[in-house]
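Comments concern the structure below.
The first residue of the sequence shown is numbered 1, and numbering continues consecutively from there. We count ligands from 1, going down the list as the structure has it; atoms in each ligand are counted the same way.
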Amino acid sequence: MNTAASDQFSSLPISSAQLSNLASLGYARMTPIQASSLPHVLRSTDLIAQAKTGSGKTAAFGIGLLEHINPRFFGVQAMVLCPTRELADQVGKELRRLAQAISNIKLVSLCGGKPFGPQKGSLEHGAHIVVGTPGRILDHLNRKTLELAGLKTLVLDEADRMLDMGFSEAMKEIVAHTPRNRQTLLFSATYPEEIKKISRAIQRNPVTVTVEAEHAPGVIEQLFYQVKKHERNNTLLALFEHYQPESTLVFCHTKRQCDEVAAFLDENRIQSLAIHGDLEQRERDQVLVRFANNSCPVLVATDVAARGLDIKSLQMVVNYELPRDPEIYVHRIGRTGRAGEKGIALSIFSEAEQARVNAIENYLNTPCICDVPASLDRAPGFSLKAPMVTIQVDAGRKQKIRPGDLLGALTGDAGLAGSQIGKIDIFDMCSFVALDPAALRQALNYLANGKVKGRNVRARRVR
Ligand code: ADP
Ligand code: MG
């Protein structure tokens, strides 16, 4: 099924502008999913593509859809549906990078949690590409602020998650607003029956390409702990006390379980935050920022919420409960052991979940190694605290604030050392700065009186 003869971008029928832009992005060769998808995408064939997170799926459709856009026609020619705003933001960012060599390509992002008016205004100015979440896009279609008669390429990114999140009907309704002769590209990390179903409903003779998860064996150490139901929390704690990881993602099934587990860990001196679909966008942003900037060592998440995470390798992934679908298990543990580092994937399961262990064994074609909680060395009184704290400043992109402005103010007038300042994240209306806790008071004192880029700002610690 993989028909690509070469992994060189130059083997593709794409413009020299795109080629040189790819080189300037440092993309030396195609990733496997790009090499197997792009020839089809460029031929305008419908496609189902399956590959794991981080395999370069955005460019696998992005390079192709850009090639088909006519910048002189001011109408929406490509649209990408994503399950969450974070994912839509990531795709938007990557598409902008890919499009920067082609002049005058306009991309508009249409996600919920943002005011409707400015989106409508951007669309009126003419957009070539739309990236967004199904709910908001459907809103625009119903209010006739979005017109798709000129659409050439429709992409369903993370299609499996969109189905999990109940977007199936919305997706079909959106498709009904698009021309019949469109190209439909379906990208998914897993390939369950529902994906085949929606493909039959909206695609024409799709080609299927699959790139298997390619983890070097042994990079992720996997262990399974069978426990009685009431021992789950204590076992989780024992795992932290034994492994003492700097960064951990704990997977739970339900939103409520996420909250409960995070609260339990917190009470036991393991600093954690929960993330799930019930949080407001603002809260989600804060949680993701704090996890990524070293202000929170443990995140407790549902599968859906974890999808939006754009994080470096994690030391440890814990399944607080096992998923029913072994593919989801593989996907979860793929969050650790990236980039040649060693990762630990630990799973807690009860007797009732034995069938799930068996399913994973069958899927991986290797036996799962079980250990007993009693074998874990526990460090009494162990506590896990993040090395950094986060402050939020009420000025962002809209106020033309850049990371350098905050860094400059804090290391200049405020007198902090550069080494006391960590990651800086700029959002539309606010910014986040990671700080050494020892510098927190000094930074807040300065910001209460001093200025950033000539303006007074307000700042507070995010808790
Ligand atoms: P996925 O959607 O499969 O999770 P992304 O499209 O977000 O993956 O890509 C993951 C990362 O890999 C991004 O940072 C992207 O810029 C980078 N990337 C994509 N294609 C290439 C390539 N051919 N060479 C180098 N880096 C790439
Ligand atoms: Mg992606």
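A distance-only check finds a donor-acceptor pair linking the side chain of E283 to the backbone of E280 [under 3.5 Å].
Taking the six-membered ring for Trp and the full ring otherwise, F349 and Y329 have centroids separated by 6.0 Å or more.
A salt bridge does not link E193 with K197: none of the charged nitrogens is closer than 4.0 Å to a carboxylate oxygen.
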Listed pairs under 3.5 Å, donor-acceptor, residues 68-83 side chains, sequence neighbours left out:
unit_1, atom_1, unit_2, atom_2, d
H68, NE2, L42, O, 3.1
N70, OD1, R72, N, 2.9
Q77, OE1, N70, N, 2.8
Q77, OE1, K152, NZ, 3.4
Q77, NE2, N70, O, 3.0
Q77, NE2, F73, O, 2.9
Q77, NE2, G75, O, 3.4

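For F61, the ring pair (Phe, Tyr, Trp, His ring centres under 6.0 Å) criterion is met by F187, not counting sequence neighbours. When the side-chain hydrogen bond (donor to acceptor under 3.5 Å, both in side chains) test is applied to H140, the partners found at least two apart in sequence or on another chain are Q119, T145.
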One line per pair, note the atom names and distance for all nitrogen or oxygen contacts under 3.5 Å between ligand 1 and the protein.
unit_1, atom_1, unit_2, atom_2, d
ligand 1, 3 (O), G54, N, 3.4
ligand 1, 3 (O), S55, N, 3.1
ligand 1, 3 (O), S55, OG, 3.4
ligand 1, 3 (O), G56, N, 3.1
ligand 1, 3 (O), K57, N, 3.0
ligand 1, 3 (O), K57, NZ, 3.1
ligand 1, 4 (O), G54, N, 2.5
ligand 1, 6 (O), K57, N, 3.4
ligand 1, 6 (O), T58, N, 2.9
ligand 1, 6 (O), T58, OG1, 2.6
ligand 1, 8 (O), G56, N, 3.2
ligand 1, 16 (O), Y27, OH, 2.4
ligand 1, 16 (O), E94, OE1, 3.1
ligand 1, 16 (O), E94, OE2, 3.4
ligand 1, 16 (O), R97, NH2, 3.2
ligand 1, 20 (N), Q34, NE2, 2.8
ligand 1, 23 (N), R29, O, 2.9
ligand 1, 23 (N), Q34, OE1, 3.0

